[in-house]
Amino acid sequence: MSSEESSTGANFIKTLIQEDLESGKHKTIVTRFPPEPNGYLHIGHAKAICLNFGLASDFNGRCHLRFDDTNPIKEEDEYVNAIREDVSWLGFDWGEHLYYTSSYFEQLYRYALQLIEKGKAYVCSLTTEQMREYRGTLTEPGRLSPYRDRTVEENRDLFGRMRAGEFPDGTHVLRAKIDMAAGNLNLRDPILYRILHASHHRTGDEWSIYPMYDFAHGQSDSIEAVTHSICTLEFEDHRPLYDWFIRELGIFAPRQIEFARLNLSYTVMSKRKLLQLVQEKYVSGWDDPRMPTLVGMRRRGYPAAAIRKFCERIGVGKGASWIDLAVLEDCVREELNETAPRAMAVIHPLKVVLTNYPQEQVEELTAAVHPQKPEMGSRTIYFSRQFYIERDDFMEEPSKKFFRLGPGREVRLRNAYIIRCDEVVKNAAGEIIELQCSADLATLGANPTDGRKVKGTIHWVSAPHALSIEILQYDRLFSVENPDKGEDYRQNLNPGSLQKIENVYAEASLVNALPGVPYQFERTGYFCVDPVDSCGSKPVFNRIVTLRDSWAKEQGK
RNA sequence: UGGGGCGUCGCCAAGCGGUAAGGCACCGGAUUUUGAUUCCGGCAUUCGCAGGUUCGAUUCCUGCCGCCCCAGCCA
């Protein structure tokens with residue numbers, strides 16, 4: 001990461017940390033990114049990752065990667081591996097600090113025992129339904145569990161037998177004894193441990209009881225000496241509970257600070273829904289280029305730097321925020337404009353024959369890899385009598401504002417000559433199938449000497465040298481800004497989110513394009529070879545993002 | 001009629017008692033062999049509303065109003 005990229009923007013979390021440092025509360029800070037390995041990371045997680053790792057680097061502290069794996073039923077190694085890869089790809093390094101909540105199971109168990117000994121936790125044998133009834137509602141206090149007064153000995157014994165696997169799932173839980181009348185529901189004797197005869201991805205069948213997230217998270221932070229525990233808003237209500245545990249246990253107290261999670265327009269961000277899209281085959285997988293997942297974006301061709309830039313740009317706050325997809329796309333364009341080599345490809349071809357150009361002649365022309373960056377070098381493109389241009393670059397009856405090709409009009413061929421359209425060839429159905437043009441042979445790398453102005457420049461690909469490729473044009477996954485508004489978000493899926501175009505002509509140099517490496521197809525957009533779909537005979541390019549198009553905007557008016 | 005938060009431009013977001021940064025979007029215009037990029041310029045006399053304190057309030061106080069989260073043996 002470049003230094004200029006490192007976060008400079010102010011936000012309330014930095015301010016709070018700054019205060020803790022200046023007051024001498026801490027000499028250095030420790031943060032952590034604590035994903036549950038039950039799904040793939042998405043752009044919302046990227047915000048948390050950039051925040052936590054960014055804070056650590058801003059203040060010369062460190063950031064841990066900890067898997068909060070307290071629910072064996074949903075968690076898998078596949079996810080921990082994918083998550084590690086995603087975080088690394090995003091550009092962050094946790095060094096030695098890779099942890100798992102499951103590594104703390106024994107310690108957590110001892111913490112629970114401590115609470116039992118203090119009379120602050122008890123084994124409750126209410127059923128799930130009963131417990132719900134006893135919990136009360138938002139406006140009515142709950143009722144005390146009939147098991148609340150079990151003796152310490154009884155609790156110790158029962159809890160030990162829960163661990164030993166003597167009871168079936170759901171028969172008992174360990175609860176904290178706090179306050180059934182608390183306005184904050186999290187304090188109404190929350191469950192600490194539940195019985196789960198399930199195999200854990202790391203501890204196997206060692207345990208038949210597992211701690212609840214609430215009983216594990218804060219203490220895990222404490223064990224790791226996390227100074228600033230950054231989490232999302234919905235955990236604000238849980239903070240008093242975490243503080244209660246820390247106090248009762250007398251252990252190191254991290255400071256929790258909550259921020260608003262990311263919402264991005266035209267997509268959904270819940271893991272449940274993303275999983276559903278995968279399972280119900282609305283997309284090809286977690287890495288479908290339309291998915292807001294990091295694997296999806298990576299495959300699509302979004303550079304990690306663009307995602308980091310995005311996370312920096314959107315800022316951090318406490319108000320529920322909706323970020324316009326345009327912000328992300330702008331970050332991608334900004335990054336790609338700097339780094340992507342240029343090339344030409346004709347997506348909807350229209351054949352052109354240059355009548356005044358020798359039949360067999362082929363010229364090797366030189367074109368800049370990047371017009372603003374000569375240091376990126378140049379490439380060779382072939383020019384011949386027959387080539388393709390974009391159908392949209394020709395209009396039989398052009399308006400005055402259209403400055404591309406039309407009957408009798410002139411246009412510049414990018415990196416080549418100025419040509420004039422002399423004749424339009426149509427088939428029996430009246431469709432335009434070919435243009436007969438003539439070139440001004442004195443305009444290669446030069447403007448006309450007679451002073452005439454040619455405003456338009458269009459791209460082209462020599463017919464005999466064209467590389468046949470396929471293009472996958474990706475668009476937003478949903479057709480409405482907030483897919484969750486309505487009965488079923490799936491009804492808002494954008495039917496045109498994937499458009500396959502099979503006969504695209506690309507300049508020959510693109511044979512060397514490596515999977516995942518972005519190119520700018522001039523005047524069109526950014527594309528890269530899809531690593532998965534390109535296994536066939538033709539290279540398949542994903543459209544990463546279009547170029548800005550003020551002409552299209554003009555047309556739309 | 002419980003608890004916890006949040007309200008600064010269409011969307012994000014700085015600001016923390018001294019007279020409204022920045023980005024995206026949008027609108028003009030210049031340069032351009034990408035209608036791209038770049039570049040200039042425009043875009044909140046006003047900070048949810050109403051009072052109060054103060055020489056002075058987006059910043060402090062009070063009261064309203066609006067929005068979000070919480071009743072998983074999920075995280």
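We use all heavy atoms of the structure for the numbers below, so side chains are in, but hydrogens, waters and symmetry mates are not. Predicted model, so just to flag it, every value in this text is computed and none were measured.
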For nucleotides rA75(B) and rA36(B), find the distance between their C1' atoms and express it as a whole number of Å.
44 Å
Does the side chain of T137(A) get closer than 4.0 angstrom to OP1 or OP2 of rG2(B) through an N or O atom?
no
May I ask you to say what A446(A) touches in the nucleic acid, namely base, sugar-phosphate or nothing, with a heavy-atom cut-off under 4.0 Å?
base
Take atom P in rC55(B) and the same atom in rG63(B), then report the distance between them in whole Å.
24 Å
Could you tell me whether L264(A) contacts a base, only the sugar-phosphate backbone, or nothing, with contacts defined as non-hydrogen atoms closer than 4.0 Å?
nothing
Using only side-chain N and O atoms of R272(A), determine if any of them is under 4.0 Å from OP1 or OP2 of rC74(B).
no
Mind checking H172(A) for me? I need base, sugar-phosphate or nothing, with any heavy atom below 4.0 Å counting as a touch.
nothing
Counting any heavy atom closer than 4.0 Å, what does G445(A) reach on the DNA or RNA strands: base, sugar-phosphate only, or nothing?
base
Nearest-nucleotide check on RNA chain B, A181(A) vs I195(A); residue mapping nearer the 5' end is A181(A)
Touch check for K271(A), heavy atoms < 4.0 angstrom, all strands: base, sugar-phosphate only, or nothing?
nothing
Need the pair for rG63(B). Rule: Watson-Crick or G-U wobble, both distances under 3.5 Å, any strand; none if unpaired.
rC49(B)
Look at all strands and tell whether M212(A) reaches a base, only sugar-phosphate, or nothing, counting heavy atoms closer than 4.0 Å.
sugar-phosphate
Testing the 3.5 Å rule here: is there a donor-acceptor pair between the side chains of E224(A) and H64(A)?
yes
Expressed in angstrom and rounded to an integer, what is the separation of D189(A) atom CG from rC73(B) atom P?
12 Å
The side chain of L138(A) lies closest to which of these nucleotides: rG5(B), rA71(B), rA75(B)?
rA71(B)
The side chain of N184(A) is closest to which nucleotide in this list: rC24(B), rG3(B), rC11(B)?
rG3(B)
Between rC27(B), rC74(B), rC70(B), which one does the side chain of K553(A) approach most closely?
rC27(B)
Which base sits across from rC9(B) as a Watson-Crick or G-U pair, both distances under 3.5 Å?
none
Just confirming the chi classification of rG42(B), syn or anti, using 90° around 0 as the syn window.
anti
For T524(A), answer base if it contacts any base atom (sugar-phosphate contacts may also be present), sugar-phosphate if it contacts only those atoms, and nothing otherwise; contact means non-hydrogen atoms under 4.0 Å.
nothing
Would you classify L413(A) as touching base, sugar-phosphate or nothing, given that sugar-phosphate means primed atoms plus P, OP1 and OP2, and contacts are heavy atoms under 4.0 Å?
base
What's the closest nucleotide to the side chain of E236(A) if the choices are rC6(B), rU34(B), rG4(B)?
rG4(B)
K74(A) bridged to E36(A) by N-O distance under 4.0 Å:
no
At 4.0 Å (heavy atoms only), tell me whether F403(A) reaches a base, stays on the sugar-phosphate, or touches nothing.
base
Picking from rG3(B), rA75(B), rU34(B), which would you name as closest to the side chain of D237(A)?
rG3(B)
Gap between atoms NZ and C1', on K455(A) and rU32(B) respectively (whole Å)
9 Å
The side chain of P371(A) lies closest to which of these nucleotides: rC73(B), rU34(B), rC12(B)?
rU34(B)
Separation of rU34(B) atom C1' from R333(A) atom CZ, nearest Å, is 14 Å
Whole-Å distance, I191(A) CD1 to rC70(B) P, equals 18 Å
By nearest nucleotide on RNA chain B, pick out whichever of D169(A) and E234(A) is the more 5' one.
E234(A)
Which is true for T128(A) with a 4.0 Å heavy-atom rule: it touches a base, it touches only sugar-phosphate, or it touches nothing?
base
Going by atom types alone, do E522(A) and Q520(A) pair a side-chain donor with an acceptor below 3.5 Å?
no
Taking atom P in both rC49(B) and rC11(B), what distance in whole Å separates the two?
15 Å
Round to a whole Å and report the spacing from CZ of R175(A) to C1' of rA71(B).
13 Å
Using the C1' atom in both, what is the distance from rU46(B) to rU38(B), to the nearest Å?
33 Å
Side-chain atoms of A10(A) come closest, of rC74(B), rA14(B), rA36(B), to rA14(B)
For the side chain of F235(A), starting at C-beta, report the closest nucleotide among rA36(B), rC74(B), rA75(B).
rA75(B)
Looking at E234(A) and R261(A), is any side-chain nitrogen of the basic one under 4.0 Å from a carboxylate oxygen of the acidic one?
yes
Atom pair distance, as rounded to whole Å: CG in N263(A) and C1' in rC67(B):
13 Å
Answer with base, sugar-phosphate or nothing: what part of the nucleic acid does G319(A) contact at a heavy-atom distance below 4.0 Å?
sugar-phosphate
Does the rU38(B) base have a donor-acceptor partner in the side chain of Q372(A) within less than 3.5 Å?
no
Does T70(A) put a side-chain nitrogen or oxygen below 4.0 Å from OP1 or OP2 of rA75(B)?
yes
Mind calculating the distance between CD (E522(A)) and P (rA36(B)) to the nearest angstrom?
13 Å
Can you say whether the rings of F67(A) and Y100(A) are parallel (under 30°), tilted (30 to 60°) or perpendicular (over 60°)?
parallel
Looking at rC24(B), rU34(B), rA75(B), which one has an atom nearest to any side-chain atom of E75(A)?
rA75(B)
Evaluate the ring planes of F403(A) and W551(A), with Trp represented by its six-membered ring, and classify them as parallel (under 30°), tilted (30 to 60°) or perpendicular (over 60°).
tilted
Distance-only polar pair, side chains of S229(A) and R32(A), donor-acceptor under 3.5 Å
yes
Taking only side-chain N and O atoms of R135(A), does any of them lie within less than 4.0 angstrom of OP1 or OP2 on rC73(B)?
yes
Quick one: do the H197(A) and S208(A) side chains pair a donor with an acceptor below 3.5 Å?
no
Under 4.0 Å between a side-chain N or O of R194(A) and OP1 or OP2 of rA75(B)?
yes
Contact class for F402(A) vs. all strands (heavy atom < 4.0 Å): base, sugar-phosphate, or nothing?
base
Scan V454(A) against the nucleic acid and name what it touches under 4.0 Å (heavy atoms): base, sugar-phosphate only, or nothing.
nothing
Quick one: sort the H45(A) and H42(A) rings into parallel, tilted or perpendicular, breaks at 30° and 60°.
tilted
Rounded to whole Å, please give me the gap between CD1 in I314(A) and P in rC11(B).
16 Å
Nucleotide nearest L185(A) (side chain, heavy atoms from C-beta), chosen from rC24(B), rG2(B), rA75(B):
rG2(B)
